[in-house]
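Inspection log for the structure reproduced underneath, given as structure tokens.
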Amino acid sequence: MTIASNTGRSNVAMLGIGAYRPKRLVSNDEVCEVLDSSDEWIYERSGIRNRRWISGDETARSMAKIAGERAIANSGIPKEKIGALILASSSWKTKIPHGGPVVAYDLGMNGIPAYDIGAGCGGFGYGLGVAADTVRAGTAEYVLVIGMETMSVVMDPTDRGTAFIFGDGAGAVVVGPSEENGISPTVWGSDGENSSAIGQNYDIPEYMDVAQKMQHKDPATEPLDRMVVTMEGPRVFRWAAITLPKALGQVIELAGIDKSEIDVFVPHQANARINELMAKNLGLSDDIPVANDIENTGNTSAASIPLAMEEMLATGKAKAGQTALLLGFGAGLSYAGAVVTLPPAPKITSFDDLD
Ligand code: UT7
């Protein structure tokens, strides 16, 4: 007896990208109506001027659906051919059920394997790697990977360590076979010894209106009765400074390229200062574009890399077919990186429906 095995395609790539940005733009000054901070401090330490938070009928679920729809439409792959969906997110409102099947249903793809990856801000890199290997193994021909977060719902607007950093949004890519390989092997890892550096206090709430949250002004007298993210920022910064340069070196080596062949650097949008340091330490030349979506989108955790790629492609800062170095990192602590070929510029962009 021989048990059958799959045969896939060794050359895979991102065939399309789509994203959704919440309509509400929140400036540093608005954040500082509640937070004891200033526009100058926030910009100097993090590179953030604005972030976007959900409002009205925008939810985690609606953003994931729209980003997924746009990625599929922009890829030109018929939806019926998508064989699996991976949702990278830490802010889906329930653990049971997980979000993947709900999003697949919303996208009119009920029945396909659909599941969540919880790897913090590194989640998109994990999802992309698993999707690429799923296609390589022949387990599915096309895989939709969605990174989505509603960080505004899970943060304390008075916490000086997190309130100014996080934003909401969703980005997605379709991964499938291609003539030339466009996704390198993934370099990924974790450091559970330092897991307490980014965490949570309580369980995730059903839904929390940001406007309602902003009224919560005095945690000393009104103890928090809902889950918020906690982060020892300087501890994460130190960990990042030691771990990430090694990971970046490994990504380039494993991809079999020379660093002079990198056209674009798209690191997780955690802090523009971390990204500037990484680019400098890596010795990337000054004219290599480095994603800076954080300036007006904030840190959207697992959504930040697809959002940043989409922004660069939509605005012409990066071009389809260029070679990009991606690196996600965050809670876990964990990280995942790869060298990729950028997908076609999106025909439908996340800026089309913004004012
Ligand atoms: O996405 C997941 C992965 N996350 C990350 O990679 C985040 C990594 N960490 C960071 O990005 C940075 O640590 C932060 C941006 C979060 C904070 O910047 P920092 O330069 O590390 O600030 P700090 O916490 O070391 O504080 C420096 C100073 C302190 O004052 P003194 O002791 O120097 O007088 C703080 O009390 O700034 C003060 N401070 C603030 N001032 C105004 C701390 N938070 C604030 C604030 N506004 N929000």
Side-chain angles (χ1 to χ4, degrees), residues 14 16-22 25 46-52 63-64 66-67 70-71 74 88-89 119-129 145-149 151 165-175 182-183 240 244 247-248 251 262-279 282 284 288-330 335-346 348-351 354:
M14 293 186 285
I17 187 163
Y20 183 84
R21 291 167 206 274
L25 192 72
S46 69
I48 299 171
R49 291 191 196 279
N50 299 290
R51 70 288 293 138
R52 288 184 181 274
M63 292 198 300
I66 297 171
R70 288 176 174 170
N74 288 332
S89 183
C121 302
F124 179 78
Y126 275 68
L128 185 67
V145 185
I146 304 174
M148 176 282 298
E149 302 285 6
M151 299 304 290
I165 286 193
F166 291 117
D168 304 339
V173 296
V174 173
V175 174
I183 304 178
L244 303 183
L248 286 170
V251 175
I262 295 166
D263 299 315
V264 185
F265 182 32
V266 190
H268 166 45
Q269 303 290 287
N271 181 329
R273 308 297 164 234
I274 296 182
N275 295 345
E276 281 161 15
L277 276 174
M278 280 198 292
L282 199 58
L284 289 183
I288 299 285
V290 178
N292 194 32
D293 194 36
I294 189 170
E295 184 168 340
N296 291 304
T297 308
N299 174 346
T300 55
S301 188
S304 91
I305 289 183
L307 277 166
M309 281 194 292
E310 198 252 4
E311 190 267 347
M312 295 186 91
L313 288 163
T315 57
K317 290 173 194 154
K319 302 258 181 298
Q322 284 188 316
T323 301
L325 175 62
L326 313 184
L327 182 68
F329 56 90
Y335 61 88
V339 168
V340 299
T341 304
L342 287 174
I348 311 164
T349 85
S350 60
F351 298 100
L354 294 178

Heavy-atom pair of closest approach, residues [X] and [Y]:
| X | Y | answer |
| --- | --- | --- |
| A320 | A345 | CB-N, 4.0 Å |
| T349 | A314 | CG2-CB, 4.0 Å |
| S46 | I294 | O-CD1, 4.0 Å |
| R70 | G18 | CB-CA, 3.8 Å |
| N275 | P267 | CG-CG, 3.4 Å |
| P289 | K317 | CG-O, 3.7 Å |

Working to the nearest 0.5 angstrom, can you tell me the gap between [X] [atom1] and [Y] [atom2]?
| X | Y | atom1 | atom2 | value |
| --- | --- | --- | --- | --- |
| M148 | S301 | CE | OG | 10.5 Å |
| L325 | L284 | CG | CG | 7.0 Å |
| I17 | E311 | CD1 | CD | 11.0 Å |
| T300 | I165 | OG1 | CD1 | 12.0 Å |
| H268 | M278 | NE2 | CE | 9.0 Å |
| L307 | N299 | CG | CG | 11.0 Å |

Report yes if some heavy atom in the side chain of [X] is under 4.5 Å from a heavy atom in the side chain of [Y]; otherwise report no.
| X | Y | value |
| --- | --- | --- |
| L326 | M309 | yes |
| I262 | V339 | no |
| V266 | V340 | no |

- Task: Could you pull out all residues at least two apart from E310 that satisfy side-chain hydrogen bond (donor to acceptor under 3.5 Å, both in side chains)?
- Result: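 Listed in chain order: R21, S350.
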- Item | Partner residues of R273 under the side-chain hydrogen bond (donor to acceptor under 3.5 Å, both in side chains) criterion, sequence neighbours left out |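 Result, side-chain hydrogen bond (donor to acceptor under 3.5 Å, both in side chains) vs R273: E276.
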Any donor-acceptor pair under 3.5 Å from [X] side chain to [Y] backbone:
| X | Y | answer |
| --- | --- | --- |
| D168 | M151 | yes |
| N74 | I348 | yes |
| E295 | R49 | no |

- Go through the structure and list residues passing salt bridge (Lys or Arg N to Asp or Glu O under 4.0 Å) with R52, not counting sequence neighbours.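 Counting only residues at least two positions away or on another chain, R52 forms no salt bridge (Lys or Arg N to Asp or Glu O under 4.0 Å).
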- Message: With side-chain contact (heavy atoms from CB on, under 4.5 Å) as the criterion, how do V145 and M14 come out once you've worked through the C-alpha distance, each side chain's angles and the decisive distance to 0.1 Å?
- Response: CA-CA 10 Å; V145 185; M14 293 186 285; over 6 Å; no
